[in-house]
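Quick caveat, the model's predicted, so the values are computed rather than measured. Just so we're on the same page: letters track the sequence lines, and every chain starts at 1.
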Protein chains: 2
Amino acid sequence: MTESAPHSTGARKLPTPVAAAIDRAESLLQGQGLRLTPVRRRTLEILLETPGALGAYDVLARLAADGFGSQPPVAYRALDFLVEHGLVHRLRRINAFTACSHPGEHHHAAFLICRNCKRVEEVHAEHLRATLVSDARRAGFEVERTSLEASGLCPDCREGAIPDGAAT
Amino acid sequence: MTESAPHSTGARKLPTPVAAAIDRAESLLQGQGLRLTPVRRRTLEILLETPGALGAYDVLARLAADGFGSQPPVAYRALDFLVEHGLVHRLRRINAFTACSHPGEHHHAAFLICRNCKRVEEVHAEHLRATLVSDARRAGFEVERTSLEASGLCPDCREGAIPDGAAT
DNA sequence: TGTTGACATGTGATAATATAACTTTTAGGT
DNA sequence: ACCTAAAAGTTATATTATCACATGTCAACA
């Protein structure tokens with residue numbers, strides 16, 4: 001668990017990307033009078049440390065291992081809070097959560113989910129969302145939230161991958 | 001449960017929209033050497049008869065009431081089959097299923113889900129999907145399936161509706 | 001015509017995901 | 001120190017989904 005020294009850039013205070021993201025999250029929340037409590041902070045860290053997405057129960061297991069409560073509401077509450085405030089995204093196709101890549105920008109994103117390695121790529125989707133919102137408005141429908149998700153193969157998994165729908 | 005006579009258009013053989021859709025579905029499947037078995041047929045009917053979307057267990061309850069098996073796999077198998085062959089769509093935001101409005105056209109759709117009355121509107125989303133596919137390709141990601149869903153308020157529910165996120 | 005083989009269905013058990021309802025703790029304001 | 005509101009903990013349960021295996025159906029064809 002010891003953190004390795006930052007490579008040749010000269011040793012500052014170990015500002016890992018995760019720590020930086022946590023700091024940013026904390027500022028964002030404080031600016032709105034909200035608190036990044038220990039469970040919430042740890043939940044966000046867990047997601048930031050994970051390349052792909054995690055299910056609520058995966059998060060819960062890690063939280064419990066760190067001494068937090070071990071019942072589902074502990075994880076769901078923290079996750080819901082983080083989603084609500086734009087720090088985490090919920091992926092409905094796979095019932096999982098992933099840290100937001102660009103918190104605080106009030107953006108709308110789409111997600112590319114690799115069915116092979118489970119990694120998740122967040123892509124900007126302002127245009128995509130705008131199109132959907134206006135298509136909807138034409139139908140008299142007022143859009144409040146969107147889920148824009150795709151599954152398929154990430155660059156690393158494209159070679160030698162099993163075709164969609166086929167088996168061994 | 002007796003079917004009322006078709007109104008003033010002259011009594012043919014009761015070609016309800018549901019029956020017509022079932023016939024279409026059957027042709028489509030037969031053209032591919034697939035069978036619209038009784039459970040599958042009834043499952044599709046159930047969804048066609050319902051304005052909104054139904055959860056798998058809602059479908060299951062209706063199937064069981066009609067004398068089919070009462071265990072979850074009965075519903076999930078029929079639903080999965082119908083989804084697989086483009087006759088039914090799965091809505092991931094609400095864990096529910098809805099009959100396809102335009103079967104056999106091999107289209108891609110987006111869904112507008114009313115959070116108030118639960119009705120679902122299917123809109124064409126070829127352009128939307130094409131945009132997402134090409135955004136993804138730019139990131140080296142190969143898209144296989146998409147979920148494009150929005151929740152909000154349908155035309156009927158927009159007046160006097162409770163604002164998103166607020167309470168009584 | 002009877003066997004076979006593939007597909008479909010039925011069933012029991014259980015896994016995975018999510019929420020409700022209530023209690024206790026904690027942080028911050030007075 | 002006391003109070004209050006938000007947060008965290010806990011018990012229980014609801015909801016959604018899959019696995020594994022037994023049984024049934026039906027058409028091809030020997």
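At least one donor-acceptor pair closer than 3.5 Å links the side chain of B/Glu149 to the backbone N or O of B/Arg93. The backbone N or O of A/Gly55 sits less than 3.5 Å from a side-chain atom of A/Asp58, completing a donor-acceptor pair. For A/Glu142 (side chain) and B/Gly152 (main-chain N/O), no donor-acceptor pair under 3.5 Å exists by modelled atom type.
Of all non-hydrogen atoms in A/Cys154 and A/Cys117, the two that sit nearest each other are SG-SG, 3.7 Å. Considering all non-hydrogen atoms of both residues, B/Val59 and B/Ala75 come closest at CG1-CB, 4.5 Å.
Non-hydrogen atoms lying under 4.0 Å from DNA chain D are contributed by nothing in residues 81-96 of chain A. Using a 4.0 Å cutoff on non-hydrogen atoms, the parts of residues 37-58 of chain A near DNA chain D are A/Thr37, A/Val39, A/Arg40, ordered by number.
Remark: B/Gln71 engages B/Pro73 in a side chain to side chain contact (heavy atoms under 4.5 Å, CB included) (not counting sequence neighbours). Not counting sequence neighbours, the partners of B/Phe111 by the ring pair (Phe, Tyr, Trp, His ring centres under 6.0 Å) test are B/His89.
Within a 6.0 Å radius of CZ in B/Arg92, other residues, nucleotides and ligands contribute more than 12 heavy atoms.
Remark: of the listed residues A/Arg41, A/Arg35, A/Arg40, A/Arg41 is the sole one forming a salt bridge (Lys or Arg N to Asp or Glu O under 4.0 Å) with A/Glu26. Checking B/Ile46, B/Thr50, B/Leu44 one by one against B/Leu48, the side-chain contact (heavy atoms from CB on, under 4.5 Å) holds for a single residue, B/Leu44.
The outermost nucleotides of DNA chain D lying under 4.0 Å from heavy atoms of chain A, listed 5' to 3', are D/dA7 to D/dT11. Close approach of DNA chain C to chain B, defined as any atom under 4.0 Å from a non-hydrogen atom of the protein, starts and stops at C/dA8 to C/dG12.
B/Leu91 is not listed as a side-chain neighbour of B/Asn95, based on a closest heavy-atom distance of 4.5 Å or more.
Not less than 6.0 angstrom separates the ring centroid of A/His124 from the ring centroid of A/His108.
Two residues, B/Pro72 and B/Gly67, neighbour DNA chain C, and the one matched to the more 5' nucleotide by heavy-atom proximity is B/Gly67.
In this structure, B/Arg35 reaches the sugar-phosphate backbone alone: every heavy-atom distance under 4.0 Å involves primed, P, OP1 or OP2 atoms, never a base.
A/Ser101 and A/Glu122 share a donor-acceptor pair across their side chains, judged by distance under 3.5 Å alone.
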